[in-house]
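As structure tokens, the structure follows; a few thoughts come after it.
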Amino acid sequence: MSSDHDQPAGRPAGTAAPPSSRAGASPAGDAERPTRAGVRPAPAALPPGGAQPLARAETPFLELLARGASADAYEQPELLARAEGRSAEWIAALAQAKPLALRVRAELEGRRRREAELSALFETAHDLAGLRDLDAVLQAIVQRARSLLGTDVAYLSLNDPERGDTYMRVTEGSVAARFQQLRLGMGEGLGGLVAQTARPYVTDDYFKDDRFQHTLTIDAGVRDEGLVAILGVPLSLGHHVIGVLFAADRRARVFEREQIALLGSFAALAAAAIDTANLLAETRSALAGLERANEIIRDRSGVIERASDVHDRLAELVLRGGGVHDVAAAVSEILDGTVEFTEAAAAPAGPVEASRAEGHAVRHQDDWIAAVAAGGELLGALVLHGQPGLDPVDQRTLERAAMVTSLLLLARRSAADAEQRVRGELLDDLLDARDRDPRLLRERAARLDADLDAVHVVLAARLEDAADGRGDAEHEADTRRRLAAAASHLAATRHGLAAARDGGTVLLLPLGPRDTATAVARRAARHLGTAVHAPVTVGASAPAGDLAARPDAVAAAYAEAGRCLDALRLLGRRGDGAAAEDFGFLGLLLAGDRDIPGFVDRTIGQVVAYDRRRGTELLRTLDAYFASGMSPARTKDDLHVHVNTVAQRLERVGRLLGADWQSPARALEIQLALRLHRLSAPERP
């Protein structure tokens, strides 16, 4: 939505001032002055006379802050002091206090703007949740977009697949009738460029911009409306652009990045509203189909009651959130048989395809099969066993049940996708943001049934190469989607969070009273591996608590989990789960913020460099020497060299590392460094 960098006090021409609320503009002393990073700046040098003049000089600026004065008003205290002939010390104190006050004002204005933007998005989402009239929701979106961006006009166009063009659906602030009735060919104008690329486009001067195709019709409509600067963002459903949301001014204007992102958020809500309306229309169509079936059934008095029971029971299942197996059980009772829902891969391919193509249940041996499909996607099938002689009314009942099942599956998928996105966004904020309000973070987590005050473990999970070894981009993307879905399900059932990150998945799971980080990692590796049918390696952080109040805690824990994941893969333990506590001395270096390459270089760097320059085998000799219990005789047997050769090599090691290299403390460090060097030597996958 809006960037973390606030809009400066002096805004460019054509940009409306953000909405403000004076309720939150309380004066603040120097000790509580807000800064962009949330850290108090170092005290500025005081003018002659000490802190007292500066403290008094802040008073007029605090009064300006309290009443929400414009940026120009902050010049007045100094000008007034000069006019009154005040002392140079007093004027210097005012000059020092003014930029601090302007910075506080900018911070307050930025926060008010972000609050207004969030409020508008929440209100729009609320309208969408209670969608009754699509036009009213789209009109509200356009109105709020125009108000928040401070533009003269905002409008929304939709593609018409039947006519192959696009047309104006909603306008706000428009005064030209021809502009409001524009129909454009696909690919024409700025909107055509947005629709083709599925990316936002902005022009400071429409008629001087040659990036898109100008036509007489479009240019005439834009000229009638008097538009100059135009911003357009795509309305997308998946990868399909269905229209464009615009904000435009009748004068030259530069749209800021935050404003482009805000309009994109409104476009996403508008696309969701349209998609929801389409789904409702499909649902109404399906229910209308059920009603038509009931009208036919009414002609047969012997089946009227049973058909009514079918309708009522399926509708009740939908309203109370029943699942596909509930539908199968209800239809089993109605048809006096056994109805099962079968996944698409497990159903007989021929009959399912025939049912899908014909749109009717088909007979297969002694069973009846009705395909459960939505659009071009096959979701499964309803199979009725033991009823070879099915009459047309019962056949229609089975088909309607398949239709209701497809709607339930789509609704469940949409809900799961929405929850996955929300959980991922919260975890991304915990990983990336440094100035989030802990109270808001806790509230967002509570809505997802998560508790950020509990002790958690951060897991870094990566899906290893699948057994089929295809390795193509499509397969890799599919495996990542499967891992993300499995991780999201695990997080939801464990009251945690999950998000896709760095080519894998990161999870934030609460730690039980008798759990350890290792146990959580191993369970997660087994669960995710079973879900995606491929090995999944999981590294875990040490337990971390108070995540909302400690902005860097989750990011630091994720870094530690990533190091454990890398160590597991280097050790050949793919498909396993572990925490730093499982690696012994190695774990001490993996945990926290450690410099492993620096440690290796400081400990045995001279030996590594000597081997690299001279082509010698001092490192190999050291490994064999420690492995043989520091016995030169056994070392020479392991290396198949003369004992004098071993002695000469060890003497060279002593000159490189120092005379005390065989003392217990130094020997332990050297052995650890040798092991870390071996782990990091192979190329990482």
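Start at 1 with the first residue, then count along the sequence. Scope of the values below: all heavy atoms of this structure, side chains included, with no hydrogens, waters or symmetry mates.
Side-chain N or O atoms of Glu464 include none that pairs as donor or acceptor with a backbone N or O of Gly575 at under 3.5 Å. Side chain of Arg462 to backbone of Asp502: a donor-acceptor contact under 3.5 angstrom is found. A donor-acceptor pair under 3.5 Å is formed between the side chain of Asp611 and the backbone N or O of Leu618.
In this structure, Leu231 CG and Leu263 CG are separated by 5.0 Å, a value rounded to the nearest 0.5 Å. Atom CZ in Arg652 sits 11.0 Å away from atom CD in Gln606 (nearest 0.5 Å). Taken from CG in Leu674 to CG in Leu619, the straight-line distance is 6.0 Å, to the nearest 0.5 Å. To the nearest 0.5 Å, atoms CG (Leu528) and OG1 (Thr537) are separated by 10.5 Å. Within the model, atoms OG1 of Thr493 and CG of Leu509 stand 8.5 Å from one another, a figure rounded to the nearest 0.5 Å. To the nearest 0.5 Å, the span separating CG on Leu237 from CG on Asp275 amounts to 4.5 Å.
Ring planes of His527 and His489: parallel class, angle under 30° (limits at 30 and 60°).
The ring-ring contact (aromatic ring centres under 6.0 Å, His included) search around Phe212 returns Tyr206, His214, not counting sequence neighbours. Under the ring-ring contact (aromatic ring centres under 6.0 Å, His included) criterion, Phe255 pairs with no residue at all, not counting sequence neighbours.
Under the 4.5 Å side-chain criterion, counting only non-hydrogen atoms from C-beta, Arg494 is not in contact with Leu507. Looking only at side-chain heavy atoms (C-beta outward), Leu547 and Leu508 come within less than 4.5 Å of each other. Using a 4.5 Å heavy-atom cutoff, the side chains of Glu617 and Thr645 are not in contact. At a threshold of 4.5 Å between non-hydrogen side-chain atoms, the residues Leu622 and Trp661 count as touching. A heavy-atom distance below 4.5 Å is found between the side chains of Leu639 and Arg649.
Listed here is the closest heavy atom pair of Thr635 and Ser628: OG1-OG, 2.8 Å. Across all their heavy atoms, Tyr610 and Thr616 have their closest contact at CD2-OG1, 3.4 Å. Heavy atoms only, all atoms of each residue included: Cys564 and Ala540 are closest at SG-O, 3.6 Å. Shown here for Ala486 and Val532, the closest heavy-atom pair between the two residues is CB-CG1, 4.2 Å. Nearest heavy atom pair, residue Val538 against residue Ala461, reads CG2-CB, 3.9 Å. Listed here is the closest heavy atom pair of Ala517 and Ser541: CB-O, 3.3 Å.
Under the 4.0 Å criterion applied to side-chain N and carboxylate O atoms, Asp546 and Arg442 are assigned as salt-bridge partners.
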Inset, instruction - Start with the C-alpha gap between Thr203 and Arg211, add the side-chain angles, then the distance that decides, and say whether side-chain contact (heavy atoms from CB on, under 4.5 Å) holds. - result: CA-CA 9 Å; Thr203 177; Arg211 290 177 300 167; 4.0 Å; yes
Inset, instruction - Give the intermediate values and the outcome of side-chain contact (heavy atoms from CB on, under 4.5 Å) for residues Thr621 and Val653. - result: CA-CA 9 Å; Thr621 302; Val653 169; over 6 Å; no
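For the side-chain hydrogen bond (donor to acceptor under 3.5 Å, both in side chains) test with Tyr625, the passing option among Gln671, Gln662, Arg634, Lys636 is Gln662; the others fail.
Residue Arg199 qualifies as open at atom CZ: its count of foreign heavy atoms under 6.0 Å is 12 or below.
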